[in-house]
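Just below is one structure, and these are the notes that go with it.
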Amino acid sequence: MSGVGLFPFTEEHEMIRQAARDFAQNEITPIAAEFDESGEFPYETIMKMGEMGFMGIEVSEDYGGTGMDTLAYVLALEEICKADASHGVIMSVNNSLFCYGIEKFGSEYVKQKYLRAVASGKSVGAYSLTEPMSGSDAGTMRCTAVREGDEYVINGRKSWVTSGPVASYIVLFVMTAPEKKHKGITAFVIDTDQPGFSVGKKEPKLGIRASATSEILFEDYRAPVENRLGEEGEGFKIAMAVLDAGRIGIATQALGISEAAYEASLAYAREREAFGQKIGEFQGIAFKLADMKTRIEASRLLVYSAALAKERSKESGERFTLEASIAKLFSSETSMFVTHAAVQIHGGMGYSKEIPVERYFRDAKITEIYEGTSEIQRLVISRLESGIR
Ligand code: CAA
């Protein structure tokens, strides 16, 4: 692993990284192509990842988590994503969108009731902000919650929910005061076992096909007031703060995909011959590999730096928005660059489903889209840097 000297890695970090690598290689790599093809949710391996402590790495042991830091989380996630980006996004959403959101913004009641099962990996958690007519412009949602006594009645349709069809609990953002625009959004934790909740259309996707993504529907769903995260109207800021953590997860996912594509390309360039020599001896291929490696190492530094910024924020309370957005922007665009080059280096084999390079290429694309597109990351970075809105 490069960058070791720059970061405060401990023996514990090395242990979780190695455990994740062994698990990924032994349990995930052999099934990744099959689950990509079928689009089935890989329950068995996800439950085993829970037993390994990978589904709530940063959550305190008091709430069923592993009690480690953000660096431990990204090191483990990187290894899982290197084997399969679908397992990776399920792990990322569980850890950094659901668990982080509940641990940071949930009341003691909410933490006791909902965090333990998800952090320990016995149940799957999800996060739902997007709607059919509101993606990047997250403040314009239409899904509503109307207070009636000690309950809120929720109605509407949310879309593109990672793990939506399988989640037991979902961190949900809805409008409680539409006239106030983003200041009228409120966050809740939803129990999907309750009446009024249903799973809608499943998304037929280009990549990360083994992760389940769907619409979710609310028809007079009643959420007790205790299930609210924060106060009424605080939902947008909660959504954004939680996405800061999520974006480090997606940056890590992109890094893992890039590494897998690069390693496959390097091995192929060393072994495949054309015109009487190994293709890696042609400068056209060698320089491609050099560019891939350089960008991957830069991504790694940005991802680990963002992890450290998040870790520091636990003490200082300071936002790590800039570090998270920079890491996601660079790492996701690197992943597209690297997987595109990997397919090209492999030629016809890169286009074949007989080896995983075409899957890396398909999986990489989503990292430039979800949890904030590359355009949104540029908006966030430029606004924070210039102060101009
Ligand atoms: N942390 C805390 N507060 C934040 C914040 C952050 N990171 N970012 C913004 N805020 C606060 C602002 O300070 C501001 O506060 P005030 O009202 O007190 O002034 C408020 O939120 C509104 O901020 P903006 O004016 O910047 O809001 P905006 O409407 O211009 O939107 C945006 C900003 C960056 C474009 C934002 O809408 C955004 O990030 N959009 C992308 C949404 C996204 O990533 N969606 C993906 C959903 S999840 C998913 O992909 C599916 C899945 O399951 C994985």
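None of these values were measured; they are calculated from a predicted model. In listed order, ligands and their atoms are each counted from 1.
- Figure legend: cation-pi geometry between Arg295 and Phe337, with NZ or CZ positioned under 6.0 Å from the six-membered ring centre and within 45° of its axis.
- In this structure, Lys205 contributes its side chain and Ile366 its backbone to no donor-acceptor pair below 3.5 Å.
- Between atom 48 (S) of ligand 1 and the options Tyr370, Tyr127, Phe98, the minimum heavy-atom separation is to Tyr127.
- Within a 6.0 Å radius of NZ in Lys314, other residues, nucleotides and ligands contribute more than 12 heavy atoms.
- Nearest to atom 39 (O) of ligand 1 by heavy atom, out of His182, Lys181, Arg247, is Arg247.
- At least one heavy atom of Gly135 sits less than 4.0 Å from an atom of ligand 1.
- Distance from atom 47 (C) of ligand 1 to its nearest protein heavy atom, with residue and atom name: Thr130 OG1, 3.5 Å.
- The neighbour count for Phe282 CZ, taken as heavy atoms of other residues, nucleotides or ligands under 6.0 Å away, is above 12.
- Between the side chain of His340 and the backbone N or O of Met336, no donor-acceptor pair lies under 3.5 Å.
- The shortest N/O to N/O separation between Val161 and ligand 1 does not fall below 3.5 Å.
- Only the backbone of Trp160 comes within 4.0 Å of ligand 1, judged by heavy-atom distances.
- Of the options Lys183, Lys158, Met240, the smallest heavy-atom separation from atom 19 (O) of ligand 1 is shown by Lys183.
- Within a 4.0 Å radius of atom 32 (C) of ligand 1, the protein contributes no heavy atom.
- Between Asp244 and ligand 1, an N or O atom pair is found at a separation short of 3.5 Å.
- At a 3.5 angstrom cut-off on N or O pairs, Lys237 counts as close to ligand 1.
- Of the protein's heavy atoms, at least one falls inside 4.0 Å of atom 35 (C) of ligand 1.
- Not a single heavy atom of Gly139 sits under 4.0 Å from any atom of ligand 1.
- Protein heavy atom at the shortest distance from atom 40 (N) of ligand 1 is Ser136 O, 2.8 Å.
- The nearest protein atom to atom 29 (O) of ligand 1, hydrogens excluded, is given as Phe236 CZ, 4.1 Å; this is a heavy-atom distance.
- Between the choices Glu234, Glu371, Glu375, Arg319, the shortest heavy-atom distance to atom 50 (O) of ligand 1 belongs to Glu371.
- Side-chain N or O atoms of Glu131 include one that pairs as donor or acceptor with a backbone N or O of Arg142 at under 3.5 Å.
- For Thr373, no heavy-atom contact with ligand 1 is shorter than 4.0 Å.
- The protein heavy-atom contact nearest to atom 30 (O) of ligand 1 is Arg383 NH1, 3.0 Å.
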